[in-house]
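This report concerns only the one structure given below.
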Amino acid sequence: MMMEGFFEQVYRLVSQIPAGRVATYGQIASLLGRPKSAKIVGWAMRSAPSDRRLPCHRVIKKTGRLAPEYAFGGSENQRMLLENEGVTFKADGSVDLARHRWEITRDKF
DNA sequence: CAGCTGACAATAA
DNA sequence: GTTATTGCCAGCT
């Protein structure tokens, strides 16, 4: 696949995130070779078309905190989705990254 | 063509 | 411990 844009890479990677597992923007960016481009990943999510079925709710901040409320139409919804997939949350409402941090299970895209 | 924006992250105070 | 600032890269105006 050609580089249609950094988004395609992000979409591809995010779409590989298994249920019950979460990834951070920085991690995705780092996997793509741009550890400083976490914003680009977030931007890709923002532009994330529903056609890709991107589990953007599985992509969270590095602090374990979910995306802002203005995203997803409510962080509560996102939290519920993750809980439904088996993700455990702290009393603070943050995701337990230490338990659900996703890592690459694929050799190549 | 130049500048602005942004679903983040890391560092400084 | 939190709050403020800078860096970063791709897309938009």
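Below, chain A is the first sequence line, B the second, and so on; all start at residue 1. The structure presented is a predicted model; accordingly, all values stated were derived computationally and were not measured.
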Closest approach to the side chain of [X], judged atom by atom: which nucleotide of [options] is it?
X	options	answer
Trp43(A)	dG11(C), dA9(B), dA7(B)	dG11(C)
Phe7(A)	dA10(C), dC8(C), dA9(B)	dA10(C)
Arg34(A)	dC8(B), dA7(B), dC9(C)	dC9(C)

Please confirm whether the shortest side-chain N or O distance from Lys62(A) to OP1 or OP2 of dC8(B) is below 4.0 Å. no
Grab the [atom1]-[atom2] distance between [X] and [N] for me, whole Å please.
X	N	atom1	atom2	value
Arg58(A)	dA7(B)	CZ	C1'	17 Å
Lys39(A)	dC8(B)	NZ	C1'	5 Å
Glu8(A)	dA10(C)	CD	P	15 Å
Met45(A)	dA10(C)	CE	C1'	14 Å
Leu82(A)	dA7(B)	CG	P	19 Å
Leu32(A)	dA10(C)	CG	P	11 Å
Ile60(A)	dA9(B)	CD1	P	9 Å
Phe6(A)	dC8(B)	CZ	P	15 Å

Could you pull out the closest heavy-atom pair between Phe72(A) and Cys56(A), with the gap in Å? CZ-O, 3.2 Å
Can a donor-acceptor pair be found between the side chains of Gln27(A) and Arg101(A) at a distance below 3.5 Å? yes
Any non-hydrogen side-chain atom of Pro55(A) less than 4.5 Å from a side-chain atom of Val14(A)? yes
Just call it for Phe72(A): base, sugar-phosphate, or nothing, with non-hydrogen atoms closer than 4.0 Å on any strand. base
Strictly below 4.0 Å, N to O, side chains only: are Arg21(A) and Glu85(A) in salt-bridge contact? no
Mark yes or no for a side-chain to base donor-acceptor pair under 3.5 Å between Lys36(A) and dC8(C), with no hydrogen or angle criteria applied. no
Counting only heavy atoms not in Glu83(A) (residues, nucleotides, ligands), do more than 12 fall under 6.0 Å from its CD? yes
